[in-house]
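This report concerns only the one structure given below.
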Amino acid sequence: MALLATILALRRDARILKLPPYLSALCIIVGVAWLLVLPLNEYSRNTYVSENALLPGQVHTYFTGSEHNIFRAYRHEVALLVDSSVEERTQKLGDLLRASNLKVATQNYEYHAAGRNISNKNVYAILQGPRADATEAVVLVAAWKNMDGEVNYSGVALVLALARYFKRWSLWSKDIIFLISGDSTSGPQAWVDAYHDQHDPRHVENLKIKSGALQGAVAVDYPAGPWGHRYDKLHIVYDGVNGQLPNLDLFNTAVSIASGQMGIGCTLQRMWKHDDSYQERLRTMLRGMLSQGLGHATGPHSAFIPYHVDAITLVTVGDGWHDEMSLGRTVESLFRSLNNLLEHLHQSFFFYLLLQANRFVSIGTYLPSAMLIAANFSITAIALWVQSGRPATPSANPIATEPSSSASKSEKNKGKEAEKSKDEKKPSMTVAEKDGAIALFPTKDLEITERALFLPLIFVLTTHFLGLLPLYVFNNTPEPYLAHTFLAVSNITSVLPLGAAYLLRQFKRPTAQEMTLIQCFSVLFLGMFLSALATLNFSLAFIIGILSCPLSFVRTSKNKILGTVMYAVLALLNPVMVIQAATWFFGHGVVEILVKAAEGWHVWGLWTQVVVWLVWWPAWFAGSVVVAGGLFA
Amino acid sequence: MPLDQQKALLFGSAAAVRLLLFTAFPSLPNRLAGRVEVSTPVTSFKRLQEGLFLYTHNVSPYDGGVYHQAPLLLPLFSLLPNPSYYPFATSVLFTMVDLLSALALAQIAESGQSVVTRLFKSSRKDLRWSSVAIAAGFLFNPFTVATCIARSTSALTNLFILTAMAKASQGASFTFVLALSFASYLAMHPLLLFPPLLVLLYDARASKTKSAPSPFLFSVVHTLGLAAAVCALLFVSALLTGSWDFLAATYGVRLLLPDLTPNVGLWWYFFTEMFDSFREFFLGVFWLHVASYMPGLTIRLRKQPLFVATTLTGIFAIFTPYPSIADATLYLSLVPLFRHLFPLMRYTFLASASILYASFLGPAFYHLWIYAGSGNANFFYAITLVWSLGLSIIVGDSLYAALRDELDVERPELRGEEVKRI
Amino acid sequence: MLSFLHFLLLIALVACASASSDYHERLLLRPLPQSTLLASFNFRSMESSVAFAQQNFRYFPRSFGQILQHAHTKELHVRFSVGRWDADNWGQRPWHGAREGGTGVELWAWIEAQSEEEAFSRWLTLVNSLSGLFCASLNFIDATKTIRPVMSFVPEGDHANSTSLHLLHGTLPHEVVCTENLTPFLKLLPCKGKAGISSLLDGHKLFDASFQTMAIDVRPVCEGAGGSCVLEMEQTVDMVLDIARSKRPRDDPIPRARPIEEIECDTGKGYNSGDTCYPLDKHAEPAWNLTELFGRPLKGACPLTEETGDDANTLCINTPPERTIQVNTTGKYAETRSASDTLRCYKLPIGAEFDLVLPEQQMTTGLVRAEPQLYAARSINGHGQERGSVQAVIKNPSETDAVEFVYLESLPWFMKPYLHTLRARVDTSSENPVRETYYRPAVDRRRGTHLELRMVIPAGSTLTLTYDFEKAILRYTEYPPDANRGFDVAPAVIRLLAPYQSVDKKGIYLRTTSLLLPLPTPDFSMPYNVIILTSTVMALGFGNIFNLLVRRFVGVDEVPALGAGGLKGVIMGKIERLKAKLGRA
């Protein structure tokens, strides 16, 4: 409490109001700098496997010899199915799995997103572990088509061959589920939803057979055609939907098995060339943050992670000398490790930034950067609050009141302020009499600087609800109209603040204090949301924080030029504009992105657009209105 | 009568909001009822339904580990249609409960006991909010709405506490005793409110009738009355359930904390991590700690009994074994009665900001722990610490303000001066 | 359907051998689809209850008998099981599931006692001594894992002369059954695994089986009313061996890829070549013999068994008549065929090794697969460690008759079911299939949930049973070392009432698989931190408030006047002077 008291004492000081902008600027600079030093050896660590039971690469693998011939045969079989219909395909795949004495079932699913129709069929088989009692299971996934839309010939064939091979072992202590999903994102999503009975039976079929609690999932993506193709590296994809990550132990196990046991190089975040330099590490990290921030599904594994099932995808890349059997042995060894697990993976980190296959930064080290960015908004909010609390002439002690809204109050306040401004001319005195003693003291102390909280609160809340509109529009517009919708929304949002500010001027002239409070609240909320978000999806919080940091510096200014400049800056940082710029920069079409987003919303349960429209956009809008208010003053 | 129009408008809109939420989002009530922040093992509506089911199927609800709520709730809710099929009646009931609580709150505000009592007249007495404003502050507090939608039975407890306060400030002995006995019967800890409210009642009486009744006789009569009422309730419950098992299953659970389901309070994680040999000792210490505030506050602030009662509700919201946001909303909606103290409070922004942060971060961290599995229990625990700290700052700060206010009356020359505590 | 009749018949044959001699044993082999083999061993030893009371035991193991007497146990059933019975492939369960237990250890007994308390204390005595006998942690069956079923179990024995029996039932789903449980099991046999069919029981093979269950059943059997009673102890071992897996030599159990020459390729495929081979799955019955399957030879008959008659045929195999079986032994044996030749039984030679050799053979008639009366599957829905819902799907394959059954759930106390959310739906009819419910809710740390439902499922329809539950968070000392694995929930037991009636009093049972229940875990590493932090917050509140309450306000200007005297004042003064100096400098 003593500390608080000193802070309060500081609050008396008039200079304190000059400080906050520099303070928040400092926060931002430090936050960014913090992020930039992370790739250095001093701040990042080498990865290590902390779950003792995993014992990666400790077993000899036997997936060789005649299995190779059989694998080739299966790959031909898969190749024959390319042009056949979904029904035939699943039928044939099911037969192949049934041939190795597994329990086989299929699942239809059909989603509607952005006016398109996503419908396909999953086929999966359950290998009942001889030592297992149907309490735990691990999943081996191969999507029929990978993320780039190529047919996953070798991946599917590998799953079939491994299913036949695994069946012979008697050491499995968990059931093994072999899932061949119709596509890379919606298929696994439908399957895992149905497995946990979280699905909508109108779109997704129930699973006929189930096993125990899922302990882990591994997906293979190896689109080499019927005549094979030797690859160079394994690209390990690990981002889940909404930026949730699998336990680091799973990633480490895969890396140590692939590189340590099989001698296959591992790469991540599409960094095909990675000479362990600072730039490369930084680029890896930033790519990782971007894909985490977008929170989109990056592979068949992404759907599992929200259900606390740790999952990764192994993608073969490049031209090298590793063949399909080495990938098969990697998967075999990985499953032997998972089979050793006694507990659900929990030892290692769930929050990390990977700089390289064997180097990472843990949450304790990187979280402060996002928190600092969020803190700068909170600092601004406090500053604005104090400032709004200052009367025209500084009184003995400006006092805070708790923010709670009520119509009658704000009326009263106006009256009070009016009268205050009057009786500040002549320092009136009040007489207090108490058991004989008479005391005189200025009336001013009887009064307190009141804040008109009603209008600002209402305004800020309304803007936050206003965000629901674009959210709904973008998630439910059919594809053909998306382009026009986007154009319209971008135009409207860029001029909307001006209109809002103008109307505000016309109908209800807000006092300077109210304007300050509007900004105060919106910035306060922004800071609060971002700090909460930073724990759920660090990257998204960081990106939005950086993009909206000007909001903590703009003010309502009488100076027209300054105001115009500020407004121009904000107009450029309009979320819609940012989206457009980003899509242009990364060479994607806006429509394509929007369609993906809509699919994400309807299928994967993607939350990114909620954050954009209900957190970022309202904050931007409120800030711009405050600035625009100055233009109409 | 413009005021009554205002009131009607307010109550109408509040009821409308609740019923709209109930009907527009049919899944919302159960979703909220599942939130640990809203419904605790001793107030959860789902557990009440289970108890009802067992009760209507002639299984003793107290011969099990699920139902820990008062027996009289069973016949009350068994009269209503089954909420899982016909939820409307229940929602109407809980809406009514909220409106009645708001009405009681308004009565407290109108009685003016918060600023002017028999022995004390605040120098800032003209600085007040209208009763409508205060009732609105209660009715539109999101926490209150959440509690109502979740159909947590702590709404009933709050209703009885507020009624007891209202009746006490109006000087209506009988209804006061009745309401307080119901509150204590439902939640046990409101019993601690009896002394301050008794003082309040006495003051109200004394200021009404010129001749003040003898304090001793007065207190004896009312204590006996309360005891009688509570005993009667317990006896009826025993008749109803056919045995005295319910005592152990309701008050026993509140006392001994066998169910460690997380909540916003400080107890659950403490006793999860506590060593077995010390569990009983610390249970005793914690309860002693909760009880210790009552005498101190009542004696020091005997001139402002209503403030004492309010502060105690705040204490309950922080330090009782199974607190929820319902207890917090009771306190936070009583604080505006002391509008005249706000100028003297110092940490308001800090406290309210920390409470806001807690209410945003709490659900996020709970999700990380329970569903995402990426965070552990410490995340949520840390947030409960922040929440409790924020509330306790408000409590302490308002107490400081109240004492300062008293000082201003005793020594007007110190008004506006820096003061020190010695 | 014909084959089904055959199966019932031979079950009858195996089960109801007359109680003339005092010791019987029989091994029934049944090839199952997917090249698996069901081997069910059955050993029965009798003791007249008079002799038992006088503690002179012949075939009945003394250690076991004394435990029963000490615990006043009139009828006892113990089960050790691993794996699960794959009903869709293997059909009906051996003994109609009456000699089978849920995963782990299951134990139920009828105990004679005057009061419930006495019964429970005797029950504790029983489980503790049995845990010593079988080297299993049966002693962990405490009040929270014990229930008193009402409808699910009926005594198999005749208890006319014994009064006030109490049925208690306990399960340990997490118990891992292994060889250390087999050895004491064999010790109870008269031939101790040295001779007779028990000489085939080898730990390595038994616990490499896809499904295996060991059962011990003790029951009194009386001849009519008031006739002489005998105490019958029945030991049963059922195992499903994967023939290919069991034939692997013990010194090299690794399933290496066979050389390509040994694999039969489908040359019909267009792409077939030297390095590409589509394997043909051969439909021929695989070749096997007892020795390589069980890892040790069958050392002749146990001399204690009958010399003549049906009981002398201690080894039976149930295959279509066309299957060729060569007998490989030096001693003299006898073969008898019955049940229209689907059942061949052998009288084993004494003192000479005996082996059955079945060559690989292309079969024309399929194997006998008796349709199970019910299929049952149970799983947990939802995710997250806060709450979930259990879903049991029970299917009635019969097209003609509805099935009535009892469904028994025994849940741990920290899994709190909400009975008002229990829904039972049948896809073909809208009427509620639940006829009768018995529910005993759990009490924290004192007793588990016990739920029994009597339900009827119409012909050819599927019944879906769901109920929600909530997971409690435990004290950190109550978690096992592998807290993050979760807790095992015992399998549900289903007993068929009508129309199927088993030939004896054993009844028809089936069990679902056990469930894994992950609970929320606290951080085990920081009790001290938690205690400190919480106490700090409380101290802040307490200190702040009482600090305000006990002190009194004065103006700042009055403070020095008060604080002037004493050491404090002096120090203050010095500090003031220092400040002044600094100010000047």
Side-chain angles (χ1 to χ4, degrees), chain A residues 1 53 60 62-77 79-80 96 98-101 103 128-136 164-171 192 195-198 207-215 226 306-309 341-347, chain C residues 34-35 81-84 86 88-89 103-104 173 207-211 242 244-245 253-260 262-263 265-266 269-279 281 377 379-385 389 391 482-486 488 491 513-518 521 540 544:
Chain A
M1 290 294 164
H60 195 290
Y62 297 91
F63 184 66
T64 47
S66 58
E67 304 292 342
H68 202 165
N69 309 25
I70 294 166
F71 167 81
R72 289 202 190 89
Y74 281 154
R75 191 167 54 191
H76 281 288
E77 289 295 323
L80 295 177
L96 284 172
R98 238 176 249 105
S100 33
N101 294 339
K103 298 188 170 307
Q128 298 189 334
R131 326 284 306 121
D133 48 6
T135 53
E136 298 169 290
R164 187 175 186 280
Y165 168 72
F166 281 170
K167 176 69 177 172
R168 296 211 302 268
W169 284 93
S170 57
L171 51 75
V192 73
Y195 195 92
H196 296 92
D197 200 46
Q198 304 290 305
L207 295 187
K208 288 161 207 72
I209 51 176
K210 282 188 193 178
S211 178
L214 301 183
Q215 300 293 312
Y307 287 96
H308 193 19
V309 180
L341 276 183
L342 300 172
E343 305 180 62
H344 203 290
L345 280 171
H346 67 287
Q347 293 276 11
Chain C
Q34 299 182 353
S35 69
S81 311
V82 180
R84 61 207 123 156
D86 179 357
D88 340 356
N89 288 328
T103 316
F207 294 103
D208 189 26
S210 312
F211 164 83
D242 183 319
R245 213 159 57 207
I254 298 167
R256 289 199 173 74
R258 282 180 300 155
I260 185 66
E262 292 179 20
I263 300 178
C265 299
D266 181 351
K269 299 281 183 185
Y271 51 73
N272 183 46
S273 69
D275 68 348
T276 313
C277 167
Y278 184 83
D281 45 353
S379 62
I380 288 187
N381 290 338
H383 76 296
Q385 296 171 339
S389 77
Q391 180 186 42
D482 56 351
N484 288 283
R485 176 180 181 273
D488 291 82
T513 56
S514 55
L515 296 173
L516 190 64
L517 178 77
T521 52
L540 276 177
N544 182 18

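Chain letters run A, B, ... following the sequence lines, proteins first and then strands; every chain starts at 1. FYI, side chains are in, hydrogens and waters are out, and symmetry mates aren't considered; it's all heavy atoms of this structure.
- You'll find the side chain of A:Tyr195 reaches within 4.5 Å of the side chain of A:Leu214, heavy atoms only.
- Between chain A and the residues C:Gly384, C:Pro518, C:Ser389, C:Gly382, the largest count of heavy-atom pairs under 4.5 Å involves C:Gly382.
- When each of C:Ile254, C:Asp208, C:Leu517 is checked for heavy-atom pairs under 4.5 Å with chain A, C:Ile254 comes out on top.
- Note: C:His383 and A:His196 have perpendicular aromatic rings, judged against thresholds of 30 and 60 degrees for the angle between ring planes.
- Heavy-atom distances place the side chain of A:Gln198, and not its backbone, under 4.5 Å from chain C.
- Residue with the most contacts toward chain C among A:Trp169, A:Phe63, A:Tyr165: A:Trp169 (heavy-atom pairs, distance under 4.5 Å).
- If you measure heavy-atom distances from C:Glu262 to chain A, you find no contacts under 4.5 Å at all.
- Interface check for chain A: of the options C:Thr513, C:Asn484, C:Leu516, the most heavy-atom pairs under 4.5 Å are formed by C:Asn484.
- Using a 30° and 60° split on the angle between ring planes, A:His68 and A:Phe71 fall in the tilted class, from 30° to 60°.
- If you measure heavy-atom distances from C:Asp488 to chain A, the contacts under 4.5 Å come from the side chain alone.
- Neither the backbone nor the side chain of A:Arg75 comes within contact range of chain C, judged by heavy atoms closer than 4.5 Å.
- Only the backbone of C:Leu515 comes within less than 4.5 Å of a heavy atom of chain A; no side-chain atom from C-beta onward does.
- The contact between C:Arg256 and chain A is made by backbone and side chain atoms together, counting heavy-atom distances below 4.5 Å.
- Listed here is the closest heavy atom pair of A:His346 and A:Glu343: CE1-OE1, 3.4 Å.
- When all heavy atoms of A:Lys103 and C:Asn89 are compared, the closest pair comes out as NZ-ND2, 3.8 Å.
- For the set A:Ser170, A:Gly129, A:Ser211, A:Pro130, the count of heavy-atom pairs under 4.5 angstrom toward chain C peaks at A:Ser170.
- A side-chain donor-acceptor contact under 3.5 Å links C:Tyr271 and A:Glu77.
- Between chain C and the options A:Leu341, A:Asn69, A:Ile70, heavy-atom pairs under 4.5 Å are most frequent for A:Asn69.
- For a residue to count as touching a neighbouring chain, one of its non-hydrogen atoms must lie under 4.5 Å from one of that chain's; by this rule A:His344 touches chain C with backbone and side chain alike.
- With respect to chain C, the highest number of heavy-atom pairs below 4.5 Å among A:Ala134, A:Gly65, A:Ala132 belongs to A:Ala134.
- With hydrogens and angles left out, the side-chain atoms of C:Ser210 and C:Arg245 include a donor and acceptor closer than 3.5 Å.
- The distance from the CD atom of A:Gln128 to the CD1 atom of A:Ile209 is 8.0 Å, given to the nearest 0.5 Å.
- Separation of the A:His60 and A:Tyr62 ring centroids falls under the 6.0 Å cut-off.
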